[in-house]
Amino acid sequence: MNSEDFRRHGYEVIDWIADYLDHADRYPVMSPSKPGDIKALIPDSAPEDGEPMDTILEDFRRDILPGVTHWNHPRFFAYFPANNSGPSILGEMLSAGLGVNAMLWQTSPAATELEEKVMDWLGELISLPEGFHGVIQDTASTTTLCALVCAREKSTSFAVNAAGPAGLAGAGPLRIYTSREAHSSVLKGAKIAGFGAENVVTVDIDENRAMDPLDLEARITADLGDGLIPCCIVATVGTTGCTAIDSLSAIGPVAKKHGLWLHVGAALAGTAAILPEMRWILDGVEHADSLVLNPHKWLLTNFDCSAYFVRDPEHLERTLSIRPEYLKTGRDGEVNNYMDWGIPLGRRFRALKLWFVLRSYGARRLREIIAGHIALAQEFAGWIDGADEWERLAPVPVNTVCFRWKPEGMDEAALNAANAELVDRVNAEGTIYLTHTKLDDVFAIRLAVGQRATKREHVVAAWEVLKRMAGGIKAGS
Ligand code: PLP
C-alpha cells in the first residue's frame with residue numbers, strides 16, 4: 001500500500017469509526033451470529049495475490065460486522081465494560097503507526113518514560129500511598145500471575161527460580177488464600193506458577209460477599225499447624241460477580257503478621273477510587289505488595305491496558321529478569337527496562353493511549369463520568385428494590401447490580417430456570433445485553449453500568465425491556 005492509498009483509506013476508516021462511535025446503538029448489542037456463520041463467509045486460504053482495500057473494507061462491513069458484539073454500545077450492560085474513547089483510539093493509532101517494541105528503555109526511551117509518568121499520574125489519581133511503582137501490562141490475569149510468581153520467590157528465597165520444580169517440592173506446598181468470589185485468573189495463575197489448584201485456599205465470605213478476615217486467619221493458622229506454607233493472599237476490590245469489596249484494612253494486618261504477599265485485584269472497581277467519595281474501597285492498600293486495575297475496563301482506554309503497581313520493583317525484576325547478551329545495553333542499571341517487569345519480552349507502546357485519555361478528558365471529567373455510572377447503577381438498584389416480583393441479590397457498592405425476577409409461586413429451581421430464560425430472551429431481542437452469575441446457587445442477572453456513552457435513558461430502556469420480557473414469560477408467550 002502506498003502512502004496515497006493509506007491516506008485515502010485511513011480517512012475512510014476514521015470516518016467510519018467516528019460514525020460508529022456516534023451510532024453504535026443502531027446495531028443489536030450482542031451479535032446474533034450462530035456458531036460457524038462467520039467462518040462460512042471466509043475463504044479457506046489466504047489470497048495468493050493482494051486484493052484492493054475497497055473490497056476488503058466492504059467485506060468487513062458486510063461479513064465481519066454482523067459477527068461483532070458491540071462492547072461500546074450504550075446499552076451494553078454485560079460482564080464488565082471494555083471501554084474505548086476518541087482520544088484512546090487516536091493514541092492507539094499512533095502506537096500502531098510507530099510500531100514500537102517497548103521492551104527496553106533504549107528501544108524507545110519515550111515509551112518507557114511516558115509509561116513511568118502516566119503510571120505515576122494514575123497512582124496519584126487513585127491516591128495510592130507513596131512508594132508504589134507502576135507498569136502497564138496486557139491484562140489483569142497476567143499481573144496476577146506476576147504477583148503469584150513474586151510471592152512464590154519471596155517465600156522460597158528464590159529457590160524455585162533457581163531449582164525449578166525441585167525448588168518448589170523442597171519448599172513444601174505453598175498456599176494461596178483468596179475468597180470464593182475471586183476471579184478465575186487467580187486459580188489459573190496458581191496452576192501456571194506451579195502452586196497447584198489444591199493449594200488455592202477458598203476463604204469464606206461475609207454477608208456482603210467480601211472475604212471474611214477471621215476465616216482467613218483461621219485457615220492460615222490451620223495450614224501452619226498442618227506443616228503447609230502460607231505464601232500469598234489475593235484480595236479483591238470489586239469481585240467479578242457482584243463487586244464485593246474485600247477489606248484491605250482487615251486483611252492487610254493478617255498478611256503482615258504472617259509475612260505473606262498481599263496482591264489486590266481491583267481490575268474494574270479500582271477506577272472508582274479516582275472519586276474521593278469512593279476512595280474508601282482502597283483503604284488499607286498501604287499493606288499491599290501489588291495491585292492491578294484495568295483502564296481498559298472502566299477508564300475509557302482501549303483494550304489492552306492493565307495498570308500494575310508494585311511496592312518493590314527490584315523484587316519483581318529479580319524474579320522475572322533474564323538478560324541474555326543480545327538484550328544488554330549501555331544504560332542498564334540507569335533506566336527501567338520494562339521487559340523485566342512482566343512476562344513477555346516484546347511490549348506495546350500502551351502509555352500513549354492512556355496519556356491521551358488522561359489529558360484529553362482531564363481528571364475532573366473522568367470523575368464525573370465514573371460518578372455518573374455509579375449513580376445510574378444505584379438508581380437501577382432502587383427500581384429493583386421498589387418493584388414487586390423483583391429481588392436484589394447483593395449490595396451495590398460500585399456499578400454492578402445483581403438481581404432476579406421473582407414471580408410468586410416458583411420454587412428455587414423454577415426461579416433459576418425462569419431467570420436464565422429471561423436473560424436469553426432479552427439478549428436475543430438485541431436492545432440490551434446482560435449476563436449472569438450464580439451467587440451461591442441462585443441464578444443472578446447482572447447489570448453493570450460502565451460504557452462511555454451510557455446515559456440514564458439507556459438504563460431506563462434496560463428496565464423496560466426486562467419488565468416486558470418477564471411479562472411475556474409469565475403470559476406464556
Ligand atoms: N480480576 C477481576 C476482579 C476481574 O473482574 C477480571 C475480569 O473481569 C479480571 C481479573 C480479568 O481481567 P483481564 O481480562 O484483564 O485478565
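Each ligand, and each atom within it, is numbered from 1 in the order the structure gives.
- Using bins of under 30°, 30° to 60° and over 60° for the plane-to-plane angle, the ring pair Tyr20/His70 lands in the tilted bin.
- At a 3.5 angstrom cut-off on N or O pairs, Ala140 counts as close to ligand 1.
- For Ser306, no nitrogen or oxygen atom sits less than 3.5 Å from a nitrogen or oxygen atom of ligand 1, counting backbone and side chain alike.
- Remark: ligand 1 and Asn294 share an N or O pair separated by less than 3.5 Å (distance only, no angle test).
- A perpendicular orientation is assigned to the rings of Phe132 and Phe309, their planes being inclined by more than 60° (bins at 30° and 60°).
- Contact check on Arg350 versus Glu92 returns no salt bridge, with no Lys/Arg side-chain nitrogen under 4.0 Å from an Asp/Glu carboxylate oxygen.
- Judged by the 6.0 Å distance and 45° axis criteria, Arg446 is not positioned over the aromatic ring of Phe77.
- Side chain to side chain, Trp341 and Ser321 fail the donor-acceptor criterion of an N or O pair below 3.5 Å.
- Put simply, no part of Leu268 is less than 4.0 Å from ligand 1, judged by heavy atoms.
- The nearest heavy-atom contact from the protein to atom 16 (O) of ligand 1 is Ser141 OG, 2.5 Å.
- The single protein non-hydrogen atom nearest to atom 12 (O) of ligand 1 is Lys297 NZ, 3.2 Å, given as residue, atom name and distance.
- Looking at atom 11 (C) of ligand 1, its nearest protein heavy atom turns out to be His183 CE1, 3.3 Å.
- Ligand-side atoms of ligand 1 in range of Phe80: 5 (O), 8 (O), range being under 4.0 angstrom from any heavy atom.
- Under the 30°/60° scheme for interplanar angles, the aromatic rings of Trp261 and His315 are found to be tilted.
- Listed by atom number, the atoms of ligand 1 under 4.0 Å from His296 heavy atoms are 15 (O).
- If you check which protein heavy atom lies closest to atom 3 (C) of ligand 1, you get Thr240 OG1, 3.5 Å.
- Ring-plane geometry between Trp390 and Trp405 is classed as tilted, the angle between the planes lying from 30 to 60 degrees on a 0 to 90 degree scale.
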